[in-house]
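Heads up, the thing below is written out as structure tokens.
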Amino acid sequence: MTKWFVSISLLLVCLAMIPPALIARQRAVTFTKPRIHIIQDMDAQLKFKAQNPNTLFNDGRSMRPPLEGVIARGDLMEDAHFYKGVINDEWATTFPGRMPVTLDLVRRGQERFNIFCQPCHGIAGYGDGIVNLRAMRLMDAPLLGNGTTWVQPKSVHEEAIREQPVGQIFNSITNGVRNMSGYASQVPTEDRWAIVAYVKALQRSQHARETDLHARERAGLGDPIDRRPRSDEGGGE
Ligand code: HEC
């Protein structure tokens with residue numbers, strides 16, 4: 001009785017191995033023929049692909065050139081100010097006409113900045129985001145750090161970047177700059193301008209002037225602040 005039981009159990013265990021073995025084989029082996037389609041969905045269909053030859057037309061091409069005199073529908077992207085941040089081959093210093101700078105735009109920019117830029121540049125734009133932090137840690141790790149290089153994201157508060165025209169910042173976001181890649185494919189044009197507005201707001205926030213304050217708030221400040229370094233501070237900020 002027990003002998004039978006053991007033999008049958010063993011046999012069943014062996015049989016149970018077959019389906020997973022078959023599945024594993026299917027996954028590992030390369031097939032040259034398309035798999036059998038029981039349900040004929042749209043995987044297989046008769047069509048001409050862009051670069052394939054086509055005898056239907058005299059020039060033998062599948063891809064048809066536009067007819068003479070055809071004009072594009074929609075935006076031709078001729079507005080260099082809006083699409084490239086450029087006016088007369090110079091970086092635009094103003095926002096494009098269709099992007100009036102409103103509080104809503106800056107808010108949208110803040111939201112987008114916090115999604116797309118903050119991981120590297122940090123919440124306040126000092127180049128101290130979490131990705132940078134992690135990269136620096138990895139560089140310090142005894143094994144992982146070997147041969148790894150990392151270019152730190154720039155602080156948007158650096159003088160050279162504070163002085164950049166809005167068009168140039170827009171271009172850095174669009175096409176990337178040196179080691180930073182571009183965000184044109186991920187962030188639509190309008191949002192890139194919104195981010196520029198927010199970067200400008202961030203920069204201003206760290207270099208605010210007393211004249212930025214409302215007269216009422218300024219009154220509360222009392223005498224203008226003496227910003228000259230005191231002699232006992234050794235010339236700090
Ligand atoms: C993956 C990390 C990363 C992300 C995300 C990122 N940046 Fe950068 N950014 C960098 C690095 C690195 C540099 C410095 C590149 C260099 O000097 O080679 C840089 C440089 C810059 C500069 C300075 C350009 C100059 O002229 O020197 C600006 C402005 C900037 N980034 C803005 C942004 C904005 C706005 C976003 C969001 C849309 C963003 N970055 C997203 C890594 C990043």
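Numbering of ligands and ligand atoms starts at 1, following listing order. Worth saying up front: this structure is predicted, and the values here are computed from it rather than measured. Along the sequence shown, residues are numbered consecutively beginning with 1.
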Q: Number the atoms of ligand 1 from 1 as they appear, then name those within less than 4.0 Å of a heavy atom of Tyr183, with their elements.
A: 4 (C), 5 (C), 6 (C), 41 (C)
Q: Heavy-atom contacts with Phe116 under 4.0 Å: which atoms of ligand 1 show up? List them by number with element.
A: 5 (C), 37 (C), 41 (C)
Should the proximity of [X] to ligand 1, defined as any heavy atom under 4.0 Å, be assigned to the side chain, the backbone, both, or neither?
X      : answer
Gln164 : side chain
Val196 : neither
Ile195 : side chain

Identity and separation of the nearest protein heavy atom to [atom]:
atom                    : answer
atom 29 (C) of ligand 1 : Ile161 CG2, 4.0 Å
atom 12 (C) of ligand 1 : Val151 O, 3.4 Å
atom 18 (O) of ligand 1 : Asn179 ND2, 2.8 Å
atom 27 (O) of ligand 1 : Arg178 NH2, 2.9 Å

Q. With Tyr126, which of Lys154, Gln206, Glu158, His121 fulfils side-chain hydrogen bond (donor to acceptor under 3.5 Å, both in side chains)?
A. Gln206
Q: Kindly compute the distance separating CD (Gln51) from CE (Met63), expressed to the nearest 0.5 Å.
A: 4.0 Å
Q: Sorted by first residue and then second, give each salt bridge (Lys or Arg N to Asp or Glu O under 4.0 Å) pair with at least one member in residues 59-72; sequence neighbours left out.
A: Asp59-Arg61, Asp59-Arg64
Q: Not counting sequence neighbours, list each pair that qualifies as a salt bridge (Lys or Arg N to Asp or Glu O under 4.0 Å) and has a residue in residues 179-205.
A: Arg108-Asp191, Arg204-Asp212
Q) So do Phe170 and Trp91 actually touch side chain to side chain, heavy atoms under 4.5 Å? A) no
Q: With sequence neighbours excluded, give me every side chain to side chain donor-acceptor pair (under 3.5 Å) pair touching residues 78-88.
A: Asp75-Tyr83, Asp79-Arg98
Q: For side chain to side chain contact (heavy atoms under 4.5 Å, CB included), just list the numbers for Val196 and Val199, CA-CA rounded to whole Å, side-chain angles, deciding distance to a tenth of an Å, and then say yes or no.
A: CA-CA 5 Å; Val196 174; Val199 168; 5.6 Å; no
(Q) Please find the pair of heavy atoms, one from Val156 and one from Gln203, that lie closest to each other, and give the distance. (A) O-NE2, 2.8 Å
Q. What's the shortest heavy-atom distance between Pro165 and Ala92, and which atoms?
A. CB-O, 3.3 Å
Q. Between Ser172 (side chain) and Val177 (backbone), is there a donor-acceptor pair under 3.5 Å?
A. no
(Q) No waters, cut-off 2.8 Å: how many protein N, O or S atoms are close to atom 8 (Fe) of ligand 1? (A) 2
